There are 2 protein chains.
Amino acid sequence: MAGTSNQSVGRAFRIVDELAENGGGSVSELADRLEMPVSTVHDYLQALVETGYVTVTDKEYQTTTRFLEVGHRQRHRLEVFKAVRDELETVAEETGEHATLMIEEADQAVILTVQEGPDAINLFAYPGARMPLHATAPGKAMLAHMADDRVDELIAQHGLVAVTSRTITDPEILFEQLEQIRRQGYAIDEGERIAGMVCIAAPILDKSDRIRGAICVCGPQSRIDESRRNEIADVAKRAANVTQVNLDYV
Amino acid sequence: MAGTSNQSVGRAFRIVDELAENGGGSVSELADRLEMPVSTVHDYLQALVETGYVTVTDKEYQTTTRFLEVGHRQRHRLEVFKAVRDELETVAEETGEHATLMIEEADQAVILTVQEGPDAINLFAYPGARMPLHATAPGKAMLAHMADDRVDELIAQHGLVAVTSRTITDPEILFEQLEQIRRQGYAIDEGERIAGMVCIAAPILDKSDRIRGAICVCGPQSRIDESRRNEIADVAKRAANVTQVNLDYV
DNA sequence: AAAACCCATCCGAGATAGTCGAAAGTTTTC
DNA sequence: GAAAACTTTCGACTATCTCGGATGGGTTTT
């Protein structure tokens, strides 16, 4: 296999991942979790501290705000991000639910921005959160506007992993839904990623019909009943449309 | 000097820095800028892509949303961040200006959150943005609540670099101001970091009087005239106080 | 209060694996 | 359609990463 790439780089980021996941740790703790020799982990942590991406306070290693910085800079350069402007806020206000902007990256759906409704912090929704495309409304909205063979390829490569009991795992059903999404102009997910959650998402296309992202509204099933779905879908579609216009305008 | 630390880790992050700075690049472009052999840069980029922290599309390498994710996770674990809750929003609304939450990290002032007022995007204010402590109101507010010898040490180590023509470069004047800040309960900066900008900041202390951060309000000199300064300072002080209470409560 | 223990840090020899020149392959330019 | 520019592959050399073990500080146990 890959005998090529740089081992040190891989290990450094494995450590970063671990730090991010479990919120810091000590040398031996990390060595334990990563199953690496203590002295090796120590060496890496020292190197990471030198880069400024990790700090150590009282033998506790932590990631620094450098990640925030790099992340925000990247986000500011993304055209979709600039194009939504405050449409998301409007969506959150109008629906009273969480509104998120999502894009596709590395075959996954990723949250770029979260605009909170009246609710508290949602553990599952934060900038950078990733999830399978087929298990979310925004993911399906984006799939619906990719070439069919690209979708086939994705299925072949990653499969249709079940995230909850309601996740779509049958390619045939998925394709049916994609067809429907194209007709309706929006996608819906009922507990396919998080049990009890309903998400409604509208795709953002550019002038050459390339999919650029999706605007998604999420809330508990109890609050998003049949009667509100059309209304929410309309709000999302409108916001997606405005974004699209801004996008082409840039 | 440091003959120890891992060279590869350092180089990997130098490349990341470069990507973040100039918004991506090609192999040769980066090799040029970093003065590294093309093949070496190529190797690193490949390794970085494998980690998922960098992507390549059409020979353009870019940082990914992984940085956003790691950054946001870290931020969510910071107590000050949780403690401000929506005080910042209140501050922005009440003053009609930018409000930021800042902390000290690696001897610098770093923005954690930006709450925008009616204004557009401020190029200088984004989460993760770093600046010298002595050249900003929040920085001075934090310095005012550090031990004097810590401040001496900082000056010895980094000096009092001038960011604008109005930046404080004389230690004596700085110490005078710190004294005044402690008396007044807030710090002010008039064009010391950005010409034409006035910032007013209140320190956030925990129950053991350790400095944890600062709440800062910034706006153009023309809009923040003498008469409004007390009012703004009061708003910032109140928000800092509420934050402090939340902090001790956690 | 001594001993045992845990953990971070240092050290250095050995060998893996990073490095980079050069060549091959690919895309763009003129 | 040739040349230029750039990316990617290859491979040998050896720089440098690796990690067992020693060191020492700090804390808990007996």
Side-chain angles (χ1 to χ4, degrees), chain A residues 1-64 74 105-106 157 208 210, chain B residues 1-64 74 77 105-106 208 210:
Chain A
M1 273 215 162
T4 359
S5 32
N6 190 312
Q7 179 185 124
S8 300
V9 176
R11 285 179 159 189
F13 279 96
R14 269 185 67 212
I15 291 177
V16 167
D17 282 340
E18 193 60 41
L19 286 172
E21 197 88 29
N22 297 70
S26 64
V27 176
S28 53
E29 226 170 72
L30 290 163
D32 235 33
R33 279 208 281 269
L34 296 167
E35 300 188 354
M36 289 190 200
V38 219
S39 49
T40 303
V41 174
H42 180 264
D43 287 349
Y44 275 100
L45 286 171
Q46 202 142 310
L48 284 167
V49 169
E50 262 169 50
T51 65
Y53 282 82
V54 169
T55 14
V56 53
T57 320
D58 208 36
K59 324 226 151 166
E60 245 321 273
Y61 289 85
Q62 299 237 272
T63 54
T64 69
Q74 182 227 350
E105 182 184 272
Q157 206 151 43
S208 44
R210 236 168 52 83
Chain B
M1 276 219 157
T4 359
S5 31
N6 191 312
Q7 177 183 126
S8 300
V9 176
R11 285 177 158 192
F13 279 95
R14 269 186 67 210
I15 291 177
V16 167
D17 282 340
E18 193 59 42
L19 287 172
E21 197 87 29
N22 296 70
S26 64
V27 176
S28 54
E29 226 171 71
L30 291 163
D32 235 32
R33 279 208 281 269
L34 297 167
E35 300 188 352
M36 290 191 201
V38 218
S39 50
T40 303
V41 173
H42 181 262
D43 288 349
Y44 274 99
L45 285 171
Q46 202 142 310
L48 284 167
V49 168
E50 263 169 48
T51 64
Y53 281 83
V54 168
T55 15
V56 52
T57 319
D58 208 37
K59 323 228 152 163
E60 251 310 281
Y61 291 83
Q62 298 237 272
T63 54
T64 68
Q74 183 227 350
R77 281 193 303 270
E105 184 184 270
S208 44
R210 234 168 52 82

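Owing to the predicted nature of the structure, the values given are computational and were not obtained by experimental measurement. Residue numbers start from 1 in every chain, and the chains themselves are labelled A, B, ... in the order their sequence lines are given, proteins ahead of strands.
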In residues 17-25 of chain B, which ones come under 4.0 Å of DNA chain D, going by heavy atoms?
-> none
Answer with base, sugar-phosphate or nothing: what part of the nucleic acid does A/Ser39 contact at a heavy-atom distance below 4.0 Å?
-> base
What is the distance from CG of B/Leu34 to P of C/dT19, rounded to the nearest Å?
-> 13 Å
To the nearest Å, how far apart are A/Lys59 NZ and D/dG24 P?
-> 15 Å
In whole angstrom, give the distance that lies between atom CG of A/Leu45 and atom P of D/dC17.
-> 15 Å
A/Glu60 has an atom CD; how far is it from atom P of C/dC7, in whole Å?
-> 13 Å
Are the side chains of B/His42 and B/Leu45 in touch, meaning some heavy atoms are under 4.5 Å apart?
-> no
Rounded to the nearest angstrom, tell me the gap between atom CZ in B/Arg14 and atom P in C/dT19.
-> 12 Å
Side chain A/Asp43 and base D/dC17 donor-acceptor under 3.5 Å | no
Could you check whether B/Thr40 gets within reach of a base, just the sugar-phosphate, or nothing at all, counting any heavy atom under 4.0 Å?
-> base
Looking at A/Arg14 and A/Glu18, does any basic side-chain N land under 4.0 Å from a carboxylate oxygen?
-> no
Please state whether the phosphate of D/dT8, meaning OP1 or OP2, lies under 4.0 angstrom from any side-chain nitrogen or oxygen of B/His42.
-> yes
Upstream residue (5' side of DNA chain C) when A/Glu29 and A/Ser8 are each assigned their closest nucleotide = A/Glu29
Check the distance between C/dT19's C1' and B/Gln46's CD and give it to me in whole angstrom.
-> 15 Å
What integer distance in Å separates A/Asp58:CG from D/dG25:C1'?
-> 13 Å
Test salt bridge (charged side-chain N to carboxylate O under 4.0 Å, His left out) applied to B/Glu60 - qualifying residues, sequence neighbours left out | none
Quick note, B/Gln7 side chain, CB onward, closest among D/dT16, D/dG20, D/dT8 is D/dT16
Does C/dT16 have OP1 or OP2 sitting under 4.0 Å from an N or O in the side chain of A/Arg11?
-> no
Give a yes/no on whether any side-chain N or O of A/Asn6 is located under 4.0 angstrom from OP1 or OP2 of C/dT19.
-> yes
Given the side-chain rings of B/Phe13 and B/Tyr44, with only the six-membered ring counted for Trp, is the space between their centroids under 6.0 Å?
-> no
Closest to the A/Ser26 side chain, choosing from C/dA8, D/dT18, C/dT19 | C/dA8
Is there a side-chain contact between A/Val54 and A/Leu19 (heavy atoms, below 4.5 Å)?
-> yes
Would you say C/dT19 has OP1 or OP2 under 4.0 Å from some side-chain N or O of B/Tyr44?
-> yes
Check whether any side-chain heavy atom of B/Thr64 sits under 4.5 Å from a side-chain heavy atom of B/Thr55, and report yes or no.
-> yes
Check whether the side chains of A/Glu50 and B/Ser5 place a donor and an acceptor atom closer than 3.5 Å, and report yes or no.
-> yes
